[in-house]
Amino acid sequence: MPDTALTALLAEDSIRLDRTAVDRFDAVRQCGAALVEAGAVDESYVDAMIQRENTVSTFVGEGVAIPHGTLAGKESVQHDAIVVLRFPEGVDWGGNAVSVCVGIAAAGGGHIALLSQLAEILLDPEKAEQLRSATSAEQVYTLLTPSDDDDD
């Protein structure tokens, strides 16, 4: 597992806690736009994220989706990054309600490590609930920072 903590890849202005989206594709586009604004990806990566969502839902459970690009989109990645967008009113994600989207941009196989770190947080219903109800960037950082007792 790389030393790269999720928080190292998350700029404070990449945490947006008061978003609304008309549907999951709008939410994915907003995640992509946040990655573009962070300088992590080229515009074409957003298309790769939409293509991924058309192929397979990025809903992972606990009210969370993790949109990311297809393999072909990796050449659009300038540097690894994540963005966290919260949709307090929820977004219909193919029949599932999503209130948090964690957009991922990773070159190479980096997204696998990021997904596994995120999965550890999201598989804990209490932490997932805290992420869904976070109202400040500090709360999001705290949740995404591995604590010493997370080690096996």
Side-chain angles (χ1 to χ4, degrees), residues 1-94 96-122 127-128 130-146:
M1 182 94 114
D3 287 341
T4 309
L6 293 171
T7 48
L9 303 175
L10 179 63
E12 190 164 343
D13 60 358
S14 295
I15 300 172
R16 300 169 185 189
L17 301 176
D18 231 358
R19 310 299 293 189
T20 58
V22 295
D23 60 22
R24 66 183 176 158
F25 295 103
D26 181 24
V28 170
R29 280 188 194 89
Q30 289 184 46
C31 284
L35 287 166
V36 170
E37 288 168 33
V41 299
D42 298 334
E43 287 280 344
S44 60
Y45 189 76
V46 181
D47 295 332
M49 292 174 78
I50 294 294
Q51 188 178 3
R52 160 87 60 206
E53 195 62 47
N54 272 321
T55 307
V56 61
S57 173
T58 56
F59 174 75
V60 293
E62 292 293 339
V64 178
I66 306 180
H68 54 287
T70 59
L71 201 55
K74 295 217 177 295
E75 42 201 61
S76 304
V77 175
Q78 303 302 313
H79 63 82
D80 292 4
I82 65 173
V83 296
V84 176
L85 275 61
R86 183 170 161 260
F87 299 89
E89 295 173 20
V91 179
D92 177 7
W93 215 276
N96 298 293
V98 165
S99 54
V100 175
C101 287
V102 181
I104 294 180
H111 69 288
I112 302 296
L114 292 178
L115 288 168
S116 99
Q117 288 180 64
L118 281 168
E120 284 182 40
I121 294 162
L122 301 173
K127 286 184 179 178
Q130 290 171 352
L131 187 59
R132 286 193 305 272
S133 59
T135 55
S136 72
E138 292 76 20
Q139 287 173 298
V140 173
Y141 271 112
T142 300
L143 285 166
L144 297 182
T145 302

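If you're wondering where the values come from, they're calculated on a predicted model, not measured in any experiment.
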> Out of curiosity, S99 OG to L85 CG, how far, rounded to the nearest 0.5 Å?
Replying inline: 12.0 Å
>> How close do A106 and D80 get, counting heavy atoms only, and between which atoms?
In response: CA-OD1, 3.2 Å
> Got a second to check how far I82's CD1 is from L10's CG, nearest 0.5 Å?
Replying inline: 4.5 Å
> Hey, are E62 and R132 close enough for a salt bridge, meaning a charged N less than 4.0 Å from a carboxylate O?
Replying inline: yes
>> Quick check for you: to the nearest 0.5 Å, what is the distance between Q139 atom CD and L17 atom CG?
In response: 8.0 Å
> Taking C-beta and beyond as the side chain, do V41 and M49 meet within less than 4.5 Å on heavy atoms?
Replying inline: no
> Are the side chain of Q30 and the backbone of T20 linked by a donor-acceptor contact shorter than 3.5 Å?
Replying inline: yes
> Say you draw a straight line from CG of D47 to OG1 of T70; how long is it, rounded to the nearest 0.5 Å?
Replying inline: 9.5 Å
> How far apart are the closest heavy atoms of I121 and K127, and which atoms are they?
Replying inline: O-CB, 3.6 Å
> Is a side-chain N or O of D92 found less than 3.5 angstrom from the main chain of R24, in a donor-acceptor match?
Replying inline: no
>> Measuring only between side-chain heavy atoms, which start at C-beta, is V36 closer than 4.5 Å to Y45?
In response: no
> Does L118 reach the side chain of I104, with side-chain heavy atoms less than 4.5 Å apart?
Replying inline: yes
> Looking only at heavy atoms, which two atoms of V64 and F59 are closest? And how far apart?
Replying inline: O-CD1, 3.6 Å
> Could you state the interatomic distance from OG (S76) to NZ (K74), rounded to the nearest 0.5 Å?
Replying inline: 10.5 Å
>> Side chains of R52 and V56, heavy atoms from C-beta outward: is any pair under 4.5 Å?
In response: yes
>> Counting C-beta onward and ignoring hydrogens, is there a side-chain heavy-atom pair between V102 and L144 closer than 4.5 Å?
In response: no
>> As a test of understanding, state which of L35, T58, V77 forms a side-chain contact (heavy atoms from CB on, under 4.5 Å) with H68.
In response: T58
> Can you check whether F25's main-chain N or O pairs, donor with acceptor, with D23's side chain at less than 3.5 Å?
Replying inline: yes
> Quick one: are V60 and W93 in side-chain contact, heavy atoms under 4.5 Å?
Replying inline: no
> What is the minimum heavy-atom distance between T135 and R86, and which atoms define it?
Replying inline: CG2-NH1, 4.4 Å
>> A side-chain contact here means heavy atoms from C-beta on lying under 4.5 Å apart; do D18 and P88 qualify?
In response: yes
> For G73 and A48, which heavy atoms make the closest approach, and how far apart are they?
Replying inline: CA-CB, 3.7 Å
> How far apart are the closest heavy atoms of V83 and A34, and which atoms are they?
Replying inline: CG1-CB, 3.8 Å
>> Given 3.5 Å as the limit, does a donor-acceptor pair link the side chain of Y141 with the main chain of S136, or not?
In response: no
> V100 versus L122: any side-chain heavy-atom pair under 4.5 Å?
Replying inline: no
